[in-house]
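FYI, the numbering just counts along the sequence from 1. None of the values given here were measured: they were computed from a predicted structure.
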Amino acid sequence: MLFDSEPEPDIVIAKLPLERYDNRHPYPEDIELLIEVSDTTLKYDLDTKQKIYALAKIKEYWFIDL
């Protein structure tokens, strides 16, 4: 298994309406864009998190290296 908890991205742009997330986090199909901002975590983000997002079928994810 790649991980034992859900990753916490820095920024998520999800489909509207916002009320759909009152009782849950966005599912992969709800996510329009996911952004990770990396400084000291770039290797982990590009290795582990990228695999997690790909397996979850996140359509668009960006990694920004500070």
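Contact of the Tyr61 side chain with the Glu36 side chain is not registered, since no non-hydrogen atoms from C-beta on lie closer than 4.5 Å. The shortest side-chain heavy-atom distance between Leu46 and Phe63 falls under the 4.5 Å cut-off. Counting heavy atoms from C-beta outward, Tyr53 and Lys59 have side chains that stay 4.5 Å or more apart. Side-chain contact between Trp62 and Leu33 is present, with at least one heavy-atom pair separated by less than 4.5 Å. In this structure, the side chains of Leu42 and Thr40 stay at 4.5 Å or more apart for every pair of heavy atoms.
In this structure, CD in Gln50 is found 11.0 Å from CG in Leu55, a value given to the nearest 0.5 Å. Rounding to the nearest 0.5 Å places NZ of Lys43 at 11.0 Å from CG of Asp45.
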For this session: Apply side chain to side chain contact (heavy atoms under 4.5 Å, CB included) to Leu66 and Val37, showing your working.
Result: CA-CA 7 Å; Leu66 297 178; Val37 179; 3.7 Å; yes
Considering only distance and modelled atom types, tabulate donor-acceptor pairs under 3.5 Å from the side chains of residues 22-32, sequence neighbours left out.
residue : atom : partner : partner atom : Å
Arg24   : NH1  : Asp30   : OD2          : 2.7
Arg24   : NH2  : Asp30   : OD2          : 3.3
Asp30   : OD1  : Arg20   : NH1          : 3.1
Asp30   : OD2  : Tyr27   : N            : 2.8

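In summary, the side chains of Asp65 and Ser38 do not present any donor paired with an acceptor at a separation below 3.5 Å, with no hydrogens or angles considered.
Under the 4.5 Å side-chain heavy-atom criterion for Ile, Leu, Val, Met, Phe, Trp and Tyr, Ile13 and Ile64 are members of the same hydrophobic cluster.
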